[in-house]
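This report concerns only the one structure given below.
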Amino acid sequence: MTNSFLPQSPDQLFGNLFHDVQLGHIFADSKTFVDCIPKLVPGNIVALYEAEKHKPDFNLSAFVHEYFVVPEKVANDYVSDKTISTAEHINRLWDRLTRQADTPVEGSSRVPLPHQYVVPGGRFREIFYWDSYFTMLGLQPSGESTDRPGRVDLIRGMVDNFAYLIDTFGFVPNGNRTYFLSRSQPPFFALMVRLLAEIDGKETLVKYRKQLEKEYDFWMRGKHKLTDVQPVTQRVSKGGSHSALNRYWDDTPTPRPEAYRQEVELAEETEPLGVVPDVLFNHIRSACESGWDFSSRWFVDQKTMATIHTANIIPIDLQCLLYSLETALHDAALYSGDHKMAYDDYDWLIKDREKAIQQTFWNEETGLFHDYDITTNQQTSALTLAGVFPLFFKLATSGQAQRVHDRLKSDFLQAGGWVTTLNQTGQQWDWPNGWAPLQWMVYRGLMNYGFTETASEGRDRWLALNDKVFKATGKMMEKYNVVDAALTTGGGEYPNQDGFGWTNGVYLALDKDRAGVSAKE
């Protein structure tokens, strides 16, 4: 589907009304209005607004509440039983976080999905792309341990939803909202298909081969246009002697509708510093495609949002995920009997990607894999957990893995698990916060190279922190302060959310692994 046929987002549908609501502080959270459901055809609401807004007794808040259904936070009214185990709480909560196939509603920002799915919780009332993989990790053992085979059907439905999105839009959007249709998120679809293949067999790769190919085409679009004169276009960049490397990108030079007020205000604050608003918005949106929104990792000075330059960075984790997609395509071709394509087309792409990861991203001095800045043609100095992705995908040498292990253990392992970066900036993907998906990537990465003791230590600290917070609050959180559990986790453009999809999933997956290790002992 080309951009000209994409459904319109709320800022496009409601024009001046959208602008006035978002800048008028009608809702504390900019995301609330873009998730509202109009009670009338959008054009009629806009006409009513233009006719009434100049009346002396006009009240914008009352108008919005009259013509829109205002959404509530997911599971906001759920009363937890803090006397049960964390795992049992999660298994009970899945039903509250599950949504059935959507019914289309004119003017709603929700992109209807044909199968059931799980939302994260809190302010997040839709699927999110990379979140869903980590949610699925927990749905698998949940289905096995609770006599609920429907949990496995839920995994199948979610994979089918992502296949549907790829068929409809040519890629997986950030989430199923019209205001997410200009960007994707870290490409975990291949890993989702692999997860389902563990349940249904390797034919699963054949079944979704077409969608895997389409997603790969999306990430590699523009590759044939790369030259020394034009070394970067869309999501690909010339990588020295390598065919192409990838970056996160969103080419829409406007504030995100779901964070409209904050970004308008940021542009006003930074424009006197020489920051061009259109460029700023591109880099912010690109950071949102990365999933790490926001982090010092994307800042030139590693301190302030004004220096964000995400689209200038070739991220190590993205290269590993594209390697995963290339190997899935190789295996899908092989299982389909298409040996020529598997070996002639995909083998050299895989080897080229492996070589690039070694040559471009490894830093012998720091003992970590770094991101790469295409404007300076050198690695960034940021030290982050993204550097563990090569271990997860077994792309590091044993010597590199030892160095990464040592650095992780000395600097990143904290009282409650693995901290995301070593910079304290107030951004949510920085110190002192830990996030469930990265706990899983570090854990599996270390286990892949035999660092069982350290991996288990990080796992157990994270699970203990989750347990502690659940017993105190009855909640599973989006993120946690892993440095000092007595302090509230914070940072970012919205308060910490509870629910919470990927935290639930990773908890159950790690808990299952812990039980498996204990049983062997």
Side-chain angles (χ1 to χ4, degrees), residues 129-130 133 171-172 183-191 194 212 215-223 226 231-249 286-287 289-292 295 297-298 309-330 346-364 366-397 400-401 403-404 421 429 437-438 441-442 444-445 448:
Y129 181 9
W130 76 311
Y133 170 68
F171 70 105
V172 180
R183 64 179 181 269
S184 186
Q185 267 197 330
F188 272 84
F189 183 65
L191 284 170
R194 294 265 195 204
L212 290 166
E215 179 170 54
Y216 189 65
D217 290 344
F218 166 78
W219 285 97
M220 303 309 295
R221 191 175 299 153
K223 174 182 174 181
L226 295 178
V232 63
T233 180
Q234 297 186 58
R235 289 169 175 80
V236 288
S237 172
K238 196 171 172 59
S241 62
H242 307 287
S243 58
L245 298 176
N246 295 84
R247 65 172 178 167
Y248 291 112
W249 175 245
S286 299
E289 183 166 87
S290 80
W292 291 47
S295 170
R297 166 185 193 192
W298 309 126
H309 70 143
T310 319
N312 295 334
I313 292 174
I314 306 297
I316 178 58
D317 47 355
L318 179 58
Q319 311 318 304
C320 294
L321 289 164
L322 267 295
Y323 164 84
S324 169
L325 180 49
E326 287 162 348
T327 57
L329 286 166
H330 172 277
Y346 293 123
D347 257 16
W348 77 270
L349 290 171
I350 292 168
K351 290 173 182 174
D352 188 60
R353 184 86 61 178
E354 289 175 335
K355 187 178 179 183
I357 287 170
Q358 285 292 326
Q359 293 182 344
T360 307
F361 302 94
W362 173 249
N363 189 304
E364 186 64 30
T366 63
L368 274 177
F369 290 90
H370 288 238
D371 297 325
Y372 188 82
D373 187 332
I374 57 178
T375 59
T376 62
N377 290 315
Q378 61 185 16
Q379 292 175 357
T380 70
S381 58
L383 305 177
T384 80
L385 288 186
V388 82
F389 273 62
L391 277 67
F392 182 90
F393 291 104
K394 302 180 182 178
L395 288 163
T397 65
Q400 289 169 340
R403 296 285 308 283
V404 171
T421 77
W429 288 85
L438 298 180
M441 302 305 283
V442 174
R444 293 308 313 171
N448 283 341

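Excluded from the calculations below are hydrogen atoms, water molecules and symmetry mates; all remaining heavy atoms, backbone and side chain alike, are included.
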For the residue pair [X] and [Y], establish whether any side-chain heavy-atom pair is separated by less than 4.5 Å.
X	Y	answer
L212	F189	yes
Q319	I314	yes
P390	I316	yes
L349	D352	no
F361	D371	no
T327	Y346	no

How long is the span from the [atom1] atom in [X] to the [atom2] atom in [Y], to the nearest 0.5 Å?
X	Y	atom1	atom2	value
S290	I313	OG	CD1	9.5 Å
I350	K355	CD1	NZ	16.0 Å
W362	L368	CH2	CG	6.5 Å
C320	F389	SG	CZ	7.5 Å
T360	R353	OG1	CZ	10.5 Å
Y323	N246	OH	CG	15.5 Å

Got a sec, which residues hit salt bridge (Lys or Arg N to Asp or Glu O under 4.0 Å) with R235, two or more places apart in sequence or on another chain?
E289

Applying ring pair (Phe, Tyr, Trp, His ring centres under 6.0 Å), can you list everything that pairs with Y133, at least two apart in sequence or on another chain?
F188

Can you run down the side chain to side chain donor-acceptor pair (under 3.5 Å) pairs that involve residues 379-389, sequence neighbours left out, and say none if there aren't any?
Q302-S381, N363-Q379

For the pair F393 and M441, evaluate side-chain contact (heavy atoms from CB on, under 4.5 Å) and give the outcome as yes or no after the intermediate values.
CA-CA 9 Å; F393 291 104; M441 302 305 283; 4.3 Å; yes

Restricting to side-chain hydrogen bond (donor to acceptor under 3.5 Å, both in side chains), what partner residues turn up for D347, sequence neighbours left out?
H330

Please enumerate all residues that pass side-chain hydrogen bond (donor to acceptor under 3.5 Å, both in side chains) together with H309, with sequence neighbours excluded.
none

Kindly indicate whether a cation-pi arrangement holds for R297 with W292, taking the cut-offs as under 6.0 Å to the six-membered ring centre and within 45° of the axis.
yes

What donor-acceptor contacts under 3.5 angstrom involve side-chain atoms of residues 215-223, with partners at least two apart or in another chain?
residue: E215; atom: OE1; partner: Y129; partner atom: OH; Å: 3.3
residue: E215; atom: OE2; partner: Y129; partner atom: OH; Å: 2.6
residue: Y216; atom: OH; partner: E326; partner atom: OE2; Å: 2.6

Say whether E364 and Q400, considering side chains only, have a donor N or O and an acceptor N or O under 3.5 Å apart.
no

Keeping S237 on the side-chain end and L245 on the backbone end, is there a donor-acceptor pair under 3.5 Å?
no

